[in-house]
Amino acid sequence: MRAVTWQGKRNVSVETVPDPKIIEPTDAIIKVTSTNICGSDLHLYEVLGPFMNAGDILGHEPMGIVEEVGSDTGDLRVGDRVVIPFQISCGACGFCNDGLMTQCSTTRVTEQGMGAALFGYSQLYGSVPGGQAEYLRVPQAQFTHIKVPLENPDSRYVYLSDVLPTAWQAVEYAEIPSGGTVTVLGLGPIGDMAARIASHKGARVIGVDRVPERIRRAQGRGIETVNLDEVDDVGEAIRDLTGGLGTDSVIDAVGMEAHGSPLNKAMQTVVGLLPDPIARKAMSEAGVDRLGALYSAIDIVKRGGTISLSGVYGGMADPLPMLTMFDKQIRLHMGQANVKRWADDILPLLTDADPLGVDTFATHELPLDQAPEAYDKFQRKADGMVKVILKP
């Protein structure tokens, strides 16, 4: 089969690789019909290279048709149309029963000290082959799937794999009071969708970004926006819009690769030049993120407010302004999205009325073989690229 593979920093290629096979009774094989490039994939493309191996298959936002099932896959049947959550979880352990599928005891990558295994996401999360491919082996398939109707285009449902539940959880974790205010930092796919969901739920939303295409998309949905390149101090700009208080909540949808933080960017660059075993140790024990977005969130949020972190962070020695956080009585809520916890809440919104605009959410739909060019453009924010669907 053909698959998108990691070959080095800022270097992916589409290669012919062996077809996946059933290994465990709880496995299934799906024929992938759509698969997305995620902003988190850019962390592998850029920062997390020391945890990757040449030839690793990328991707964690697929959907398709079940081709083969193992002997212990529950009610999953050949021919079912399914979306595959980005994390692999059993659905039966204590954490899964508590709605924390990202902490699944069955698939947790204990040798790395991490949570549940993820598709296509480095040694840190199990080195599981990903979904940017023609076929995908799905471990723990009795639970790691979301059945969707056979009708309607893939664009209606494919975002259930990551974008929709990640954005939904970001809004839930933000604890926005009824009729309250929220700032969304970063209007990439997750921030854009989080802004739409928060607005749908009745919040006043202020989106912050510097990419013109992203700002225009948000404005087209009735979202207030602040262009980072047009203000001297984003915190002051938000306070000017909120009676000097800041917003009740802030969603950080940017994460470790925020603009700014030049020293931390330099440290990331230096680590990226080290031999992989040394770089892995440096990142695991002394890694420092570029914290511009998180510092902005701490500044922007109203006293007593909540910051929801959905952008990925990977540092182990990040300096935080604890005096300010303590004094402002800030609450932090963070983590990978527990996809299946939110699926039943989201599915009723995926109708012809399309209140969240999923049918037109992608800016580009490309054949799988164009993935290398798409990664490059997505990383550079070129060609108006905000969200990409790849078609194997």
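The structure displayed is predicted, hence computed values, not measured ones. One-based numbering along the sequence shown.
- Remark: the Q336 side chain and the Y121 side chain contain no N/O donor-acceptor pair separated by less than 3.5 Å.
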Open item on the list: Before you tell me yes or no, could you show the steps for F119 and F86 under ring-ring contact (aromatic ring centres under 6.0 Å, His included), namely the whole-Å CA-CA distance, both residues' side-chain angles and the distance that decides it to 0.1 Å?
Closed with: CA-CA 6 Å; F119 288 103; F86 71 86; 9.3 Å; no

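- Here T107 contributes atom OG1 and Y125 contributes atom OH; the two are 11.0 Å apart, rounded to the nearest 0.5 Å.
- Residues satisfying the ring-ring contact (aromatic ring centres under 6.0 Å, His included) test with H333, not counting sequence neighbours, are Y173.
- In this structure, W342 and P165 approach most closely via the heavy-atom pair CD1-O, 3.9 Å.
- For the pair S296 (side chain) and G292 (backbone), a donor-acceptor distance under 3.5 Å is present.
- Closest approach of L294 to D252, counting heavy atoms only: N-OD2, 3.8 Å.
- To the nearest 0.5 Å, atom CD of residue Q379 and atom CG of residue D41 are 12.5 Å apart.
- Side-chain contact check for L58 versus V12: some heavy-atom pair is nearer than 4.5 Å.
- Here the closest non-hydrogen pair linking K302 and G246 is CB-O, 3.8 Å.
- Q142 and D72 form no side-chain donor-acceptor contact under 3.5 Å, judged by distance and modelled atom types alone.
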Item to complete: Could you go through the side-chain hydrogen bond (donor to acceptor under 3.5 Å, both in side chains) check for K391 and T33 one step at a time?
Response: CA-CA 6 Å; K391 305 293 285 189; T33 55; 5.5 Å; no

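- Remark: the backbone N or O of P149 is paired with a side-chain donor or acceptor of R81 at under 3.5 angstrom.
- Between R2 and L368, the closest heavy-atom pair is O-CD2, 3.6 Å.
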For K21 and D27, run salt bridge (charged side-chain N to carboxylate O under 4.0 Å, His left out): C-alpha distance rounded to whole Å, both residues' side-chain angles, the deciding distance at 0.1 Å, then the answer.
CA-CA 9 Å; K21 299 181 183 301; D27 289 349; over 6 Å; no

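- At a threshold of 4.0 Å, the pair R217-D192 counts as salt-bridged, since one of the basic side-chain nitrogens sits closer than that to a carboxylate oxygen.
- The backbone N or O of T247 lies less than 3.5 Å from no partner atom in the side chain of T181, so there is not a single donor-acceptor pair.
- Distance check: L349 CG to L347 CG gives 9.0 Å after rounding to the nearest 0.5 Å.
- Looking only at side-chain heavy atoms (C-beta outward), L185 and I251 stay at 4.5 Å or farther from each other.
- Closest non-hydrogen pair, Q87 versus V339, comes out as OE1-N, 3.0 Å.
- Annotation: side chain of V82 is in contact with side chain of I30 (closest heavy-atom distance under 4.5 Å).
- Between I298 and P321 the shortest side-chain heavy-atom distance falls below 4.5 Å.
- Salt bridge annotation for R156-D354: absent, with no cationic side-chain nitrogen under 4.0 angstrom from a carboxylate oxygen.
- Between A28 and L76, the shortest heavy-atom contact is CB-CD2, 3.8 Å.
- Between the side chain of H145 and the main chain of A141, a donor-acceptor pair closer than 3.5 Å is present.
- Side-chain N or O atoms of D233 include one that pairs as donor or acceptor with a backbone N or O of E236 at under 3.5 Å.
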_Apply side chain to side chain contact (heavy atoms under 4.5 Å, CB included) to residues L350 and N152 and explain how you reach the verdict._
CA-CA 10 Å; L350 305 184; N152 301 313; over 6 Å; no

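- Contact check for D209 versus T225: no side-chain heavy atoms found under the 4.5 Å cut-off.
- Shown here is D229, whose CG atom has more than 12 heavy atoms of other residues, nucleotides or ligands within 6.0 Å.
- Under 4.0 Å is where a charged nitrogen must lie from a carboxylate oxygen, and between E175 and R331 at least one such pair does.
- S105 places no side-chain N or O within donor-acceptor distance of the main-chain N or O of C93, the cut-off being under 3.5 Å.
- For D98 and Q103, the side-chain atoms include no donor-acceptor pair closer than 3.5 Å.
- No side-chain donor-acceptor contact under 3.5 Å links N36 to the backbone of C38.
- Around atom NZ of K328, more than 12 heavy atoms belonging to other residues, nucleotides or ligands sit under 6.0 Å away.
- Side chain of K387 to main chain of I37: a donor-acceptor pair is present (N/O by atom type, distance under 3.5 Å, no hydrogens or angles).
- Side-chain contact check for E24 versus R137: some heavy-atom pair is nearer than 4.5 Å.
- The only option from I88, V109, I57 that meets the side chain to side chain contact (heavy atoms under 4.5 Å, CB included) definition with V128 turns out to be I88.
- Taking CG of D19 as the reference point, atom CD of E68 lies at 10.5 Å (rounded to 0.5 Å).
- Annotation: the span from E61 atom CD to D162 atom CG amounts to 4.0 Å, rounded to 0.5 Å.
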(message) Could you walk me through whether D383 and H364 satisfy the side-chain hydrogen bond (donor to acceptor under 3.5 Å, both in side chains) test, starting with their C-alpha distance in whole Å, then the side-chain angles of each, then the deciding distance to 0.1 Å, before giving a yes or no?
(response) CA-CA 10 Å; D383 195 27; H364 295 70; 3.2 Å; yes

| field | Verdict with supporting geometry, L241 and V226, side chain to side chain contact (heavy atoms under 4.5 Å, CB included) | value | CA-CA 10 Å; L241 294 171; V226 171; 4.0 Å; yes

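- Residues satisfying the ring-ring contact (aromatic ring centres under 6.0 Å, His included) criterion with F143, sequence neighbours excluded, are absent altogether.
- The ring-ring contact (aromatic ring centres under 6.0 Å, His included) search around F361 returns Y159, not counting sequence neighbours.
- Within the 3.5 Å criterion, the main-chain N or O of Y295 finds no donor-acceptor partner in the side chain of D299.
- Side chain of D56 to main chain of W6: no donor-acceptor pair is present (N/O by atom type, distance under 3.5 Å, no hydrogens or angles).
- Note: R216 CZ to E213 CD = 5.0 Å, rounded to the nearest 0.5 Å.
- Environment of CD in E151: crowded, with over 12 heavy atoms of neighbouring residues, nucleotides or ligands closer than 6.0 Å.
- Residues I190 and V163 have side chains in contact (heavy-atom distance under 4.5 Å, counting atoms from C-beta outward).
- Using a 4.5 Å cut-off on side-chain heavy atoms (C-beta onward), Y135 and V32 make no contact.
- One hydrophobic cluster, built from ILVMFWY side chains closer than 4.5 Å, cannot hold both V148 and V66; they sit in different ones.
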